[in-house]
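Each remark here refers to the structure printed beneath this line.
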Amino acid sequence: MIFGIRPCDAQAFSLLDKLFGGDDFQDPYYLKRRKQATIISLACTRPQITCFCTFLKGKPDNEEGSDIILFDLEEDILARPITDRGEKFIENLNNWFKEAKESDVEKKNKLMDLSLKKIRSQVNLQNIKEKLDQAFDISFWNEIHQKCLGCGICTYLCPTCYCFDITDEVREGRGKRVRCWDSCMFPLFTLHTSGHNPRPTYKERMRQRIMHKFNYCPENFKEIFCVGCGRCIRNCPVNLDLREVLKVAHG
Ligand code: SF4
Ligand code: SF4
């Protein structure tokens, strides 16, 4: 069970499903866990100033990707099942639940209206893929990366980032193939054994992060791989703001 994630995080699973469970490629390790997991999200009552989920099909009570969505009404928790799995989960624990009152639903609706109003970021994503098709070589990339520290926080916190590395290791005398999380913001991620690196500087790596989410994924999966959670903005140590990058790239 994955419990208490925000609806934007749950929505991200729907995107990752397209990658790890698509027609061309099926990742058995991801799919096994995915099929076994029950996802219980918690509707958002505290959007941050960096949130922009509403520009990416999201909202504080978005149901996509969740089996059950919970609403914190302070005295009580309101639970709404979304999928059959969610229905069954609640049925199996029915002595923990009681029927919601009309007043609970009204309180929930008010909280969600309030929450929606708190999302004030403006991001223009109209035709962003096509705009970025023309933006690979613009001079803007020469400047925007200059304050980036290459720490990788933006990718490790992102619910739609999925880059990984595979290594063969020897552990306790036995060979083991290990897959671990990696980040396109690190130089080693693309370093060839020859010593050549096709993304040698912060410039290429920063451009890759933006292009991957807003240009290559729309090309390959017909989806922008961002849910507007704003974490990469909030936690970047040098305040590199994805919204600003998109604004300039958009033109
Ligand atoms: S969090 Fe900020 S400084 Fe760190 S890699 Fe990402 S953009 Fe660069
Ligand atoms: S806002 Fe940033 S961290 Fe959140 S999904 Fe988009 S790229 Fe990832």
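Every number for a ligand or one of its atoms is a count from 1 in the order of the listing.
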* Asked: Quick one: which of T38, I39, I40 gives a side-chain contact (heavy atoms from CB on, under 4.5 Å) with F3?
  -> I40
* When you look for protein heavy atoms under 4.0 Å from ligand 2, which residues do they belong to? -> F52, C158, P159, K213, C226, V227, G228, C229, G230, C232, L242
* Asked: From C148, does some N, O or S atom reach closer than 2.8 Å to atom 8 (Fe) of ligand 1?
  -> yes
* Structure fact -> Counting from 1 in the order shown, the ligand 1 atoms closer than 4.0 Å to a non-hydrogen atom of G150 are 5 (S), 8 (Fe)
* Any residue meeting salt bridge (charged side-chain N to carboxylate O under 4.0 Å, His left out) with D76, in chain and number order, not counting sequence neighbours -> none
* Do any pairs count as a ring-ring contact (aromatic ring centres under 6.0 Å, His included) and have a residue in residues 58-79, sequence neighbours left out, and if so which ones? -> none
* Provide the number and element of each atom of ligand 1 under 4.0 Å from a heavy atom of V238. => 3 (S)
* Please identify each residue that fulfils ring pair (Phe, Tyr, Trp, His ring centres under 6.0 Å) with F221, with sequence neighbours left out. => F225
* Asked: So among C154, P159, C51, which one has a side-chain contact (heavy atoms from CB on, under 4.5 Å) with R231?
  -> P159
* Neighbour count above 12 (heavy atom, 6.0 Å) for K18 NZ -> no
* Asked: Within a reach of under 6.0 Å around CD1 of I138, are more than 12 heavy atoms found that belong to other residues, nucleotides or ligands?
  -> yes
